*Asks:* 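Below is one structure. I have some questions about it.
It should be emphasised that the depicted structure is a prediction, and the values quoted were computed from it without experimental measurement.
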Amino acid sequence: MHEVDLRQVDLNLLVTLHALLEERSVTRAAGRLGMSQPAVSRALARLRTLFADALLVDGRNGYILTARAEEIRPTLRSMLAGISDMLEARPFDPAAATGHVRLLMADLEAAALAPRLLSHLAAEAPALDLDIQPPGTSLFEALQSDAVDAIVGVIGEAPAGIRRRGLYEDGFVTLMRAGHPAAKGKLTLGRYLELGHIVVSITGVGPAPVDVALAGMGRRRRVNVRVPNFLAAVEIAGRSDLIMTLPSSLALTAAGMGRFVTVPPPVDLGRVTMSLAWHARHQDEPRHVWLRRTVVAAAKGVTVTAPDRTTGDAEPPKG
């Protein structure tokens with residue numbers, strides 16, 4: 001089969017051909033295209049050479065299409081319509097959207113953000129459903145494979161092709177069950193190190209911020225339990241004297257259950273940034289632009305500043 005080198009073909013001729021086949025008149029095709037009649041006649045001559053066919057021949061009432069022209073007419077119409085659709089900038093209408101918004105985030109992050117995000121979806125995109133997936137050992141593979149639309153969490157170094165933006169900054173608090181012996185008075189570093197600790201290790205890779213800070217002081221704590229999600233950690237903390245240190249927005253979600261106390265940790269852990277990450281291939285996609293704006297708007301309602309001491313009896317955070 002002879003393969004045509006498209007680099008040698010003026011594809012604008014196909015637009016002219018479509019007008020000629022539809023109008024069956026050089027004059028009418030010229031008017032439709034906003035071209036002069038001689039220009040369309042020259043284009044027709046070139047098309048006849050390109051297709052090795054007359055394409056339009058004289059008939060009783062004007063031009064009629066050759067068999068070759070009749071054969072290519074539906075394909076040409078479909079192809080040009082497809083190109084037009086491809087090039088057309090189609091705005092995303094959330095009110096008419098269906099399907100799923102797929103986010104990857106840890107369980108307590110979902111508890112803090114999802115209720116606010118669902119409120120936005122109910123108001124703007126009532127037919128869109130929210131699908132939250134747990135983090136795995138390789139966070140960014142889910143973005144690279146399009147298994148999820150975006151990631152929400154504390155995100156460190158990201159590979160090429162991953163975009164991100166900060167949602168909010170957060171500090172740390174130490175969470176323990178209400179009635180815990182250490183809940184009375186200030187939690188000193190000595191008392192903190194005497195207690196048993198729970199660590200949430202979602203990926204199982206790398207030390208926790210607390211252990212990095214303690215190592216810089218030449219100190220260590222005992223991690224009695226290491227679990228892959230916050231729900232398990234919260235349940236263990238609620239039924240034991242083990243404590244856990246975590247971002248305040250997540251701790252306040254747990255404290256709202258009425259079973260816990262949060263206190264400032266006796267270690268300077270600085271602050272972390274909760275971020276939204278997505279793949280660069282979706283940077284300008286209208287649906288994804290809307291999704292990112294919606295997540296950012298929902299995150300503005302997340303409470304991130306914990307008071308010096310919060311108990312389960314305190315008024316829950318508003319918003």
*Asks:* Name the orientation class of the two ring planes belonging to His288 and Trp278 (parallel below 30°, tilted from 30 to 60°, perpendicular beyond 60°).
*Replies:*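 Tilted: the ring planes of His288 and Trp278 meet at 30° to 60°.
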
*Asks:* So, does Ser78 use its side chain to make a donor-acceptor pair with the main chain of Pro74 at under 3.5 Å?
*Replies:*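 Checked: no pair found.
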
*Asks:* Carefully, step by step, assess Val227 and Val225 under the rule side chain to side chain contact (heavy atoms under 4.5 Å, CB included).
*Replies:* CA-CA 6 Å; Val227 294; Val225 181; 3.5 Å; yes

*Asks:* Please find the pair of heavy atoms, one from Asp107 and one from Leu231, that lie closest to each other, and give the distance.
*Replies:*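 Taking Asp107 first and Leu231 second, the nearest heavy atoms are OD2-N, 2.6 Å.
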
*Asks:* Which heavy atom of Leu187 sits nearest to which heavy atom of Pro266, and what is that distance?
*Replies:*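 Shortest heavy-atom separation between Leu187 and Pro266 comes out as O-CB, 3.4 Å.
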
*Asks:* Do you reckon Leu17 sits in the same ILVMFWY cluster as Val15, going by side-chain contacts under 4.5 Å, direct or chained?
*Replies:*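 Hydrophobic grouping puts Leu17 with Val15.
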
*Asks:* Write out all pairs satisfying side chain to side chain donor-acceptor pair (under 3.5 Å) with one or both partners inside residues 45-56, taking only residues at least two apart or from two chains.
*Replies:*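 Listed once each, the pairs are Asp53-Thr66.
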
*Asks:* Give a yes or no on whether a salt bridge exists between Arg221 and Asp211, defined as a side-chain N under 4.0 angstrom from a carboxylate O.
*Replies:*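 Result for this pair is yes, salt bridge flagged.
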
*Asks:* Between the side chains of Glu22 and Arg28, is the shortest nitrogen-to-carboxylate-oxygen separation below 4.0 Å, so that they form an ion pair?
*Replies:*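 Not counted as a salt bridge, because no side-chain N and carboxylate O are separated by less than 4.0 Å.
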
*Asks:* Indicate, with yes or no, if Phe51 and Met79 share a hydrophobic cluster defined by side-chain heavy-atom contacts under 4.5 Å among Ile, Leu, Val, Met, Phe, Trp and Tyr.
*Replies:*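 The answer is yes; both residues are in one hydrophobic cluster.
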
*Asks:* Can you check side chain to side chain contact (heavy atoms under 4.5 Å, CB included) on Leu65 and Leu21, steps first, answer last?
*Replies:* CA-CA 7 Å; Leu65 305 188; Leu21 298 185; 3.7 Å; yes

*Asks:* As an exercise, state the distance from OG of Ser25 to CZ of Arg32, rounded to the nearest 0.5 Å.
*Replies:*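 Going from the OG atom of Ser25 to the CZ atom of Arg32 covers 11.5 Å.
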
*Asks:* Using every non-hydrogen atom in the two residues, find where Pro207 and Val212 come nearest and quote the distance to one decimal.
*Replies:*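 So the minimum-distance heavy-atom pair works out to CG-CG2, 3.6 Å.
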
*Asks:* So does Ala215 get a backbone contact from the side chain of Arg220, meaning a donor-acceptor N/O pair under 3.5 Å?
*Replies:*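 Checked: no pair found.
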
*Asks:* If you measure from CG on Leu250 to CE on Met244, what distance do you get to the nearest 0.5 Å?
*Replies:*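 Rounded to the nearest 0.5 Å, the CG-CE separation comes to 8.5 Å.
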
*Asks:* As a quick check of understanding, evaluate side chain to side chain contact (heavy atoms under 4.5 Å, CB included) for Val200 and Leu108, giving each step before the final call.
*Replies:* CA-CA 11 Å; Val200 177; Leu108 274 193; over 6 Å; no

*Asks:* Identify whether Tyr63 and Leu13 are in the same connected component of the hydrophobic contact network (ILVMFWY, side-chain heavy atoms under 4.5 Å).
*Replies:*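 Yes; tracing contacts between hydrophobic side chains, which count when under 4.5 Å, links both residues.
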
*Asks:* Under 3.5 Å, is there a donor-acceptor pair between the side chain of His180 and the main chain of Asp241?
*Replies:*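 Checking the backbone N and O of Asp241 against the side chain of His180, a donor-acceptor pair under 3.5 Å is found.
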
*Asks:* Are the side chains of Leu47 and Leu20 in contact, using a 4.5 Å heavy-atom criterion?
*Replies:*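 When only atoms from C-beta onward are counted, Leu47 and Leu20 do touch, with a gap below 4.5 Å.
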
*Asks:* So do the side chains of Thr188 and Arg191 get within less than 4.5 Å of each other, counting heavy atoms only?
*Replies:*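 Of all side-chain heavy-atom pairs linking Arg191 with Thr188, at least one is under 4.5 Å.
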
*Asks:* What side chain to side chain donor-acceptor pair (under 3.5 Å) pairs are there with at least one residue in residues 149-163, not counting sequence neighbours?
*Replies:*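 Non-adjacent pairs meeting side chain to side chain donor-acceptor pair (under 3.5 Å): Arg102-Asp149, Arg163-Gln283.
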
*Asks:* Does Asp170 use its side chain to pair, donor to acceptor, with the backbone of Val272 at less than 3.5 Å?
*Replies:*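 Side chain of Asp170 to backbone of Val272, a donor-acceptor pair under 3.5 Å: no, none is there.
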
*Asks:* Taking the side chain as every heavy atom from C-beta outward, state whether Leu214 and Leu193 have any pair of such atoms under 4.5 Å apart.
*Replies:*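 Side chain of Leu214 against side chain of Leu193, heavy atoms only: contact under 4.5 Å found.
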
*Asks:* To the nearest 0.5 Å, what is the distance between CD1 on Ile72 and NE2 on His18?
*Replies:*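 Between Ile72 CD1 and His18 NE2, I get 11.0 Å after rounding to 0.5 Å.
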
*Asks:* Are Leu118 and Met274 grouped together when hydrophobic residues (ILVMFWY) are joined by side-chain heavy atoms under 4.5 angstrom apart?
*Replies:*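 Hydrophobic grouping puts Leu118 with Met274.
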
*Asks:* Between Arg259 and Glu235 (salt bridge meaning N to carboxylate O under 4.0 Å), is one present in this structure?
*Replies:*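 Yes.
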
*Asks:* Any link between Val295 and Val289 through a network of hydrophobic side chains (Ile, Leu, Val, Met, Phe, Trp, Tyr) touching at under 4.5 Å?
*Replies:*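 Unlinked, Val295 and Val289 end up in two clusters.
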
*Asks:* Is the shortest heavy-atom distance from the side chain of Pro247 to the side chain of Phe172 under 4.5 Å?
*Replies:*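 Yes, close enough: below the 4.5 Å cut-off.
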
*Asks:* Between Glu109 and Ala106, is there a donor-acceptor pair closer than 3.5 Å when you use the side chain of the first and the backbone of the second?
*Replies:*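 Yes; judged by distance alone, with no hydrogens or angles, the pair exists.
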
*Asks:* Compare every heavy atom of Glu169 with every heavy atom of Arg271, then report the nearest pair and how far apart it is.
*Replies:*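 Shortest heavy-atom contact: NH2-O, 3.4 Å.
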
*Asks:* When you measure from the side chain of Arg164 to the backbone N and O of Ile155, does any donor-acceptor pair fall under 3.5 Å?
*Replies:*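 Yes: the side chain of Arg164 pairs with the backbone of Ile155.
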
*Asks:* Nearest 0.5 Å please: distance from the CD1 atom of Ile162 over to the CZ atom of Phe140.
*Replies:*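 Those atoms lie 6.5 Å apart.
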
*Asks:* Determine, step by step, whether Leu189 and Arg219 satisfy the side chain to side chain contact (heavy atoms under 4.5 Å, CB included) criterion, reporting the C-alpha distance in whole Å, the side-chain angles of both residues, the deciding distance to 0.1 Å, and the verdict.
*Replies:* CA-CA 10 Å; Leu189 178 60; Arg219 309 295 291 270; 3.9 Å; yes

*Asks:* Check Pro209 against Leu269 and note the closest heavy-atom contact, atom names and distance.
*Replies:*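 Taking Pro209 first and Leu269 second, the nearest heavy atoms are O-CD2, 3.9 Å.
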
*Asks:* Heavy atoms, side chains only, cut-off 4.5 Å: are Met176 and Val263 in contact?
*Replies:*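 With C-beta onward as the side chain, the pair touches.
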
*Asks:* Side chains of Val152 and Leu104: closer than 4.5 Å at any heavy-atom pair?
*Replies:*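 With C-beta onward as the side chain, the pair stays apart.
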
*Asks:* Hey, what do you get for NE2 (His279) to CD1 (Ile151), rounding to the nearest 0.5 Å?
*Replies:*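 Result: 11.0 Å between the selected atoms.
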
*Asks:* Between Thr273 (side chain only) and Ser275 (backbone N and O only), is there a donor and an acceptor less than 3.5 Å apart?
*Replies:*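 Judged by distance alone, no pair lies under 3.5 Å.
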
*Asks:* Are side-chain heavy atoms of Val296 and Arg293 found at a separation under 4.5 Å?
*Replies:*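 Not touching, per the 4.5 Å side-chain cut-off.
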
*Asks:* Do Arg177 and Leu242 have side chains that get closer than 4.5 Å, going by heavy atoms?
*Replies:*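 Arg177 does not reach Leu242 side chain to side chain.
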
*Asks:* Considering non-hydrogen atoms only, spot the tightest contact between Thr16 and Val40 and give its length.
*Replies:*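 Scanning both residues completely, I find the closest heavy atoms to be CG2-CG1, 4.3 Å.
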
*Asks:* So, taking the atom named OG1 in Thr174 and the one named CZ in Phe260, what distance separates them when rounded to the nearest 0.5 Å?
*Replies:*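 If I round to the nearest 0.5 Å, the distance is 13.5 Å.
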
*Asks:* Side-chain donor-acceptor pairs under 3.5 Å in residues 123-135, sequence neighbours left out?
*Replies:*
from, atom 1, to, atom 2, distance (Å)
Glu124, OE1, Trp290, NE1, 2.9

*Asks:* Do Tyr192 and His197 make the cut of ring centroids closer than 6.0 angstrom?
*Replies:*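 Yes; His197 has its ring centre under 6.0 Å from that of Tyr192.
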
*Asks:* Between His120 and Arg116, does any side-chain donor sit less than 3.5 Å from a side-chain acceptor?
*Replies:*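 His120 vs Arg116: no donor-acceptor pair found between side chains.
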
